[in-house]
Amino acid sequence: MITSMQNKTVKELLKLKQKKYRKDYYLVETNHLVEEAIKAKQTDLIISTEPVDLGVENLVVSKEIMEKLAFTKTPQPIMARCFIQKDKKLVDGKRYLILDYLQDPGNIGTLIRTALAFGIDQVILSNECVDLYNDKLLRSMQGAHFHLSCLYGNLKEIIPALKEKGVCVVGSALENGRPIHEIKKQEKMAYVLGNEGNGMEKEIIDICDQIAYIPITTIESLNVAVAGSIMMYHFQGE
């Protein structure tokens with residue numbers, strides 16, 4: 001039988017399904033994401049339908065409550081409450097990925113996973129991008145965000161701050177752009193990717209150091225996650 005204290009905790013957990021209540025915590029589900037959260041020491045509570053000993057406080061709930069807490073229709077029997085990372089600043093790195101107004105959680109998730117694979121030091125998202133703790137985005141990232149700094153902010157302020165650090169900021173656009181292989185690799189670089197339908201905002205293009213495009217044939221354009229992955233691979237640091 002669930003206690004009044006546990007019942008209060010469940011009510012607080014249910015609120016985390018709404019963005020407006022995600023001030024300090026958010027929820028992840030699936031065994032993989034729970035494992036990644038534990039590895040990264042980013043969780044203080046495991047919710048499960050059977051008792052588990054994972055070195056973190058465990059709240060055991062019924063399958064019915066798990067179904068209410070979960071985002072998927074047929075959830076795995078385990079979830080974790082994770083900490084929202086706050087007060088983040090620009091890291092002192094050599095490679096940055098900047099996302100300007102991206103709206104598709106699948107694209108952002110793929111890009112963040114790829115950024116981790118290709119040694120990006122920080123992913124910077126404009127304030128208009130999808131919430132990092134959106135359940136679809138969390139599933140798409142597959143836990144990459146636990147191991148990579150992700151910062152939201154005003155790109156009109158962040159890009160000049162990067163340039164002051166000696167970072168070469170390369171935008172992605174066809175107009176006034178140069179083929180990617182003509183852009184010289186720099187010690188410190190940031191790559192900017194624009195909205196899926198409209199591309200980069202002109203005000204952001206105007207403050208980039210260089211503009212690049214990926215030469216392609218037959219089709220008009222590449223998916224933004226594919227294009228970003230090619231840029232990250234092409235300009236990998238030493």
Side-chain angles (χ1 to χ4, degrees), residues 40 42 85-102 107-130 132 137 140-196 198-216 221-238:
Q42 291 295 311
Q85 298 301 294
K86 297 181 178 181
D87 302 322
K88 287 186 177 177
K89 298 178 181 178
L90 282 173
V91 301
D92 187 14
K94 294 186 176 181
R95 290 292 183 271
Y96 303 83
L97 176 66
I98 302 176
L99 307 181
D100 179 18
Y101 221 123
L102 266 66
N107 284 336
I108 297 177
T110 297
L111 284 163
I112 290 175
R113 288 176 66 194
T114 307
L116 180 63
F118 289 148
I120 297 295
D121 296 300
Q122 188 170 45
V123 176
I124 299 161
L125 304 95
S126 72
N127 288 322
E128 297 78 18
C129 285
V130 174
L132 190 70
L137 179 47
S140 182
M141 289 189 291
Q142 286 294 300
H145 69 295
F146 289 127
H147 312 287
L148 178 63
S149 174
C150 297
L151 172 71
Y152 279 81
N154 183 339
L155 300 190
K156 294 171 193 172
E157 297 173 357
I158 289 175
I159 289 176
L162 284 171
K163 292 167 78 168
E164 285 181 13
K165 290 174 173 280
V167 178
C168 175
V169 180
V170 180
S172 53
L174 276 173
E175 189 175 351
N176 299 321
R178 295 164 58 199
I180 191 172
H181 57 268
E182 292 184 9
I183 305 292
K184 185 180 178 182
K185 186 187 289 188
Q186 308 279 340
E187 181 187 4
K188 296 182 178 182
M189 298 185 77
Y191 333 117
V192 190
L193 301 171
N195 176 269
E196 291 88 350
N198 302 316
M200 291 177 58
E201 292 194 46
K202 186 179 185 305
E203 291 176 316
I204 303 302
I205 289 176
D206 289 344
I207 57 176
C208 290
D209 293 305
Q210 301 190 63
I211 304 297
Y213 67 86
I214 300 166
I216 55 176
S221 63
L222 294 172
N223 167 274
V224 66
V226 173
S229 299
I230 291 170
M231 288 186 77
M232 286 186 276
Y233 176 77
H234 182 77
F235 290 119
Q236 278 185 97
E238 299 302 326

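Counting from 1, the numbers follow the sequence of the chain as shown. Basis for what follows: all heavy atoms, side chains included, without hydrogens, waters or symmetry-related copies.
- Here Ile214 contributes atom CD1 and Leu222 contributes atom CG; the two are 5.5 Å apart, rounded to the nearest 0.5 Å.
- Within the 4.5 Å cutoff, the side chain of Val170 has no heavy atoms near those of the Cys208 side chain.
- Closest approach of Lys185 to His234, counting heavy atoms only: CE-O, 3.9 Å.
- No side-chain donor-acceptor contact under 3.5 Å links Tyr96 to the backbone of Lys188.
- Using a 4.5 Å cut-off on side-chain heavy atoms (C-beta onward), Val123 and Leu111 make no contact.
- Put simply, the side chain of Asp100 gets close to the backbone of Glu201: a donor and an acceptor are under 3.5 Å apart.
- The minimum heavy-atom distance linking His147 with Ala40 is given by the pair CE1-CB, 4.1 Å.
- Considering OH of Tyr213 and CG of Asn176, their distance stands at 11.0 Å, rounded to 0.5 Å.
- Across every non-hydrogen atom of Val91 and Asp121, the tightest pair is CG2-O, 3.8 Å.
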Evaluate the side-chain contact (heavy atoms from CB on, under 4.5 Å) criterion for residues Leu162 and Leu90: first the C-alpha distance (whole Å), next the side-chain angles of each, then the deciding distance (0.1 Å), finally the verdict. CA-CA 8 Å; Leu162 284 171; Leu90 282 173; 3.9 Å; yes
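- Here CE of Met189 is found 11.0 Å from NZ of Lys184. Values are rounded to the nearest 0.5 Å.
- Using a 4.5 Å heavy-atom threshold, the side chains of His181 and Pro215 count as touching.
- Counting only distance, with no hydrogens or angles, the side chain of Glu182 and the backbone of Ala212 share no donor-acceptor pair below 3.5 Å.
- Taking all atoms of both residues into account, the shortest heavy-atom contact from Ser140 to Arg113 is O-CD, 2.9 Å.
- Tyr191 contributes atom OH, which lies 10.5 Å from atom CD1 of Ile98 (distance to the nearest 0.5 angstrom).
- Without hydrogens or angle criteria, Arg95 side chain to Phe235 main chain gives a donor-acceptor distance under 3.5 Å.
- Side chain of Tyr152 to backbone of Cys129: no donor-acceptor contact under 3.5 angstrom is found.
- Heavy-atom contacts from other residues, nucleotides or ligands closer than 6.0 Å to NZ of Lys94 number 12 or fewer.
- Although no hydrogens or angles enter the test, the distance criterion places a donor-acceptor pair under 3.5 Å between the side chain of Asn127 and the main chain of Gly153.
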Determine, stepwise, if the pair Asn195 / Met200 fulfils side-chain contact (heavy atoms from CB on, under 4.5 Å). CA-CA 6 Å; Asn195 176 269; Met200 291 177 58; over 6 Å; no
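- Residues Asn198 and Tyr101 have side chains not in contact (no heavy-atom distance under 4.5 Å, counting atoms from C-beta outward).
- Remark: Ile180 CD1 to Ser172 OG distance equals 9.5 Å, nearest 0.5 Å.
- At least one side-chain heavy atom of Gln42 sits under 4.5 Å from a side-chain heavy atom of Gln85.
- Counting heavy atoms of neighbouring residues, nucleotides and ligands inside a 6.0 Å radius, atom NZ of Lys165 exceeds 12 of them.
- The nearest pair of heavy atoms linking Met141 to Leu132 is CE-O, 3.5 Å.
- For Gln186 (side chain) and Cys168 (main-chain N/O), no donor-acceptor pair under 3.5 Å exists by modelled atom type.
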Between Leu193 and Asn107, does the side-chain contact (heavy atoms from CB on, under 4.5 Å) criterion hold? Intermediate values first, please. CA-CA 11 Å; Leu193 301 171; Asn107 284 336; over 6 Å; no
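- We find the CD-CD1 distance between Gln210 and Ile183 to be 4.0 Å, quoted to the nearest 0.5 Å.
- Side-chain atoms of Met231 and Leu97, non-hydrogen and from C-beta on, never get closer than 4.5 Å to each other.
- Contact annotation: the side chain of Leu99 never approaches that of Ser126 to less than 4.5 Å [non-hydrogen atoms, C-beta and beyond].
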Would you sort out whether Leu151 and Ile158 count as a side-chain contact (heavy atoms from CB on, under 4.5 Å), showing the intermediate values? CA-CA 10 Å; Leu151 172 71; Ile158 289 175; 4.3 Å; yes
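- Summarising the geometry of Ala115 relative to Met232, their closest heavy-atom pair is CA-SD, 3.6 Å, with the distance given to 0.1 Å.
- Residues Ile112 and Leu148 have side chains in contact (heavy-atom distance under 4.5 Å, counting atoms from C-beta outward).
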